[in-house]
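Start at 1 and go down the list; that is how both ligands and their atoms are numbered.
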Amino acid sequence: MKTVYFDHNSATPIRKEVLESIIELVEKPLNPAATHALGKEAKAIVDKARLSILKSVNADKDKHQVIFTSSATEANNLVLKGLQGFKIITTVIEHPSVFNVVGEGQISVDENGVIKLDELEEVCKALNGQKFLVSIMAANNETGAIQQIKQASEIVHKYGGLIHSDAVQALGKMPLDMTNLGLDMLTISSHKIGGDFGAAALIIPKNMQLVPLFQGGGQEGGMRSGTHNTRAIHGFAIACELAVSDVENYKNHVEPIRDYIEQEIVKFSPEVVVFSGKAERLPNTLSITMPNVKSETQLIHFDINGFEVSAGAACSSSRLAIPRVQMCMGYSEDVARTTLRVSIGMSNTMEEAREFVECWKQLYLQVNNVKKVA
Ligand code: PLP
C-alpha cells in the first residue's frame, strides 16, 4: 500500500544532497579528537560545519560558538541545566525537553497560542538585577504558532537577562536570523531539516562555559564529552545551508497544501477547531480537531488508510500525553484530546491532500452520524 507521510514536524526524510555527502564519508573512521591525519580531516569537517551553521542562522562567529550534541533534547537540557546560578523562565507551550526540565511555564499564551509579552515583562521586571535566562521556542511544534522572539529579546535584555530559543521547528520553515532576533542562545536539530538523526547544535555566547551533563573526554570545550558524530554533523551543516536558502520555495510548496486541507475540512465541518488558526503560523503545520473522535482513533484510521500523521502531543511510548499545549490555549481536555497534527513537507502533493480530506470525511461521518464518542 502506498503511504503518505504527513509527519514532517516529527522527522524529515534525508535530503539527497545530505545523503550523498554522508555516503562519501561512511567508510572513514573520522574521529576529530585523534591526532593523526584522519583525525585532522575529521576536525576540519566538524569545524567547517560549525562555521557553516553559524552563518546559516546569521550568528556572529566572533560572538557565538556551536556545541554539537546528539539531539535538540540534549542541547536544551545542556543549556538549561548547565547554566548554573541562573533562574530559568520559560513558557507553557515549550517542547518537553524544555518544559519538563524547568518544571513549569511561567509565561502563558493567549487563545491563539502566542505567548503574552506583558507577562514576560512582569516576570523579567521582578528579576531585574538577578541572573536569569528566558527560554522561548521560536515556533510551536504542535500548532506551528510563531512567537515574537525579537520583542521578547528586547524585554529580556532590558532587565539584564539572557534569552535562549528552541528553534527546532522554525529552522528552514521561516527566516531565522539570530542576530536580528537578538538571541543569546539557540537550539536546532538535524533530522527536522533533511539532515540525518544524531546531530543537533546549541549555539551559545563564545565566552560562556556550561557545566556538562556528563563526564568524559572533554570534547566541545569540555561541555559535551563523547566522540563526535562527524558524518551526521557534516550532513547537518549541509542540510542547514540548503534549508535556509530554500525557505521561500518551501513556503510556496507546503502552504497551499496545508491551506487546502484546512479549508476543505472547515467547509465540511465548521465546528472543528484549528489551533493557532488566527496566529502567524509555520506554513506546513495544521493542528485540527475532529469533533467527537479521539486522537488515538484518528491515528488508527489514518494509519490503516496509509496516512502517517500524529496526534497533538506524542509520548515516546504509544500512549498519548496530556495535550498540554491545546489546554493552555483555553480548550477543554475533551476537545484537546481530539487533535490531529498534519505536517507537510516538500515531497507532498495536492493529490495527497485531496485523498487525505476524503479519508478525514469518511471517519468524521462514520462517527458523527451515530453521534457517539469514539
Ligand atoms: N524542540 C522542539 C520544538 C521539537 O519539536 C523537538 C522534536 O520534536 C525537540 C525540541 C526535540 O528534538 P530532538 O528530536 O532533536 O531531540
Check step by step if side chain to side chain donor-acceptor pair (under 3.5 Å) holds for H8 and S343.
-> CA-CA 5 Å; H8 290 82; S343 49; 5.2 Å; no
Path from V244 to V254 over hydrophobic side-chain contacts below 4.5 Å = no
Who gets closest to atom 4 (C) of ligand 1 by heavy atom: H95, M137, E142?
-> H95
With a 4.0 Å heavy-atom cut-off (strictly under), which part of T73 contacts ligand 1: side chain, backbone, both or neither?
-> both
Do R224 and Q219 have side-chain heavy atoms sitting under 4.5 Å apart?
-> no
Below 4.0 angstrom from a heavy atom of N141, which ligand 1 atoms are there? Numbered from 1 as shown, please.
-> 3 (C), 5 (O)
At a 4.0 Å threshold, what atoms of ligand 1 neighbour a non-hydrogen atom of H191?
-> 13 (P), 14 (O), 15 (O)
At under 4.0 Å between heavy atoms, what of S189 touches ligand 1? The answer is side chain
For ligand 1, which part of K192 has a heavy atom less than 4.0 Å away: the side chain, the backbone, both, or neither?
-> side chain
Do the non-hydrogen side-chain atoms of R258 and V342 ever get within less than 4.5 Å of each other?
-> no
Nearest candidate to atom 12 (O) of ligand 1, where distance is taken over non-hydrogen atoms, out of A72, A11, S70, S97 = A72
Note the single closest protein heavy atom to atom 1 (N) of ligand 1, along with its residue, its atom name and the distance in Å.
-> D166 OD2, 2.6 Å
Step by step, work out the ring pair (Phe, Tyr, Trp, His ring centres under 6.0 Å) result for F302 and F6.
-> CA-CA 11 Å; F302 288 116; F6 275 155; 9.3 Å; no
Using distance alone, determine whether Q169 and ligand 1 share an N or O pair under 3.5 Å.
-> yes
In terms of hydrophobic clusters joined by side-chain contacts under 4.5 Å, are L183 and V98 together?
-> no
Would you say E94 contacts ligand 1, with heavy atoms under 4.0 Å as the rule?
-> no
Any idea which part of A200 is under 4.0 Å from ligand 1, heavy-atom wise: side chain, backbone, both or neither?
-> neither
Contact check, side chains of Y5 and S347, non-hydrogen atoms, under 4.5 Å = no
Please say which of Q148, M329, K278, E280 ends up in a side chain to side chain contact (heavy atoms under 4.5 Å, CB included) with V114.
-> Q148
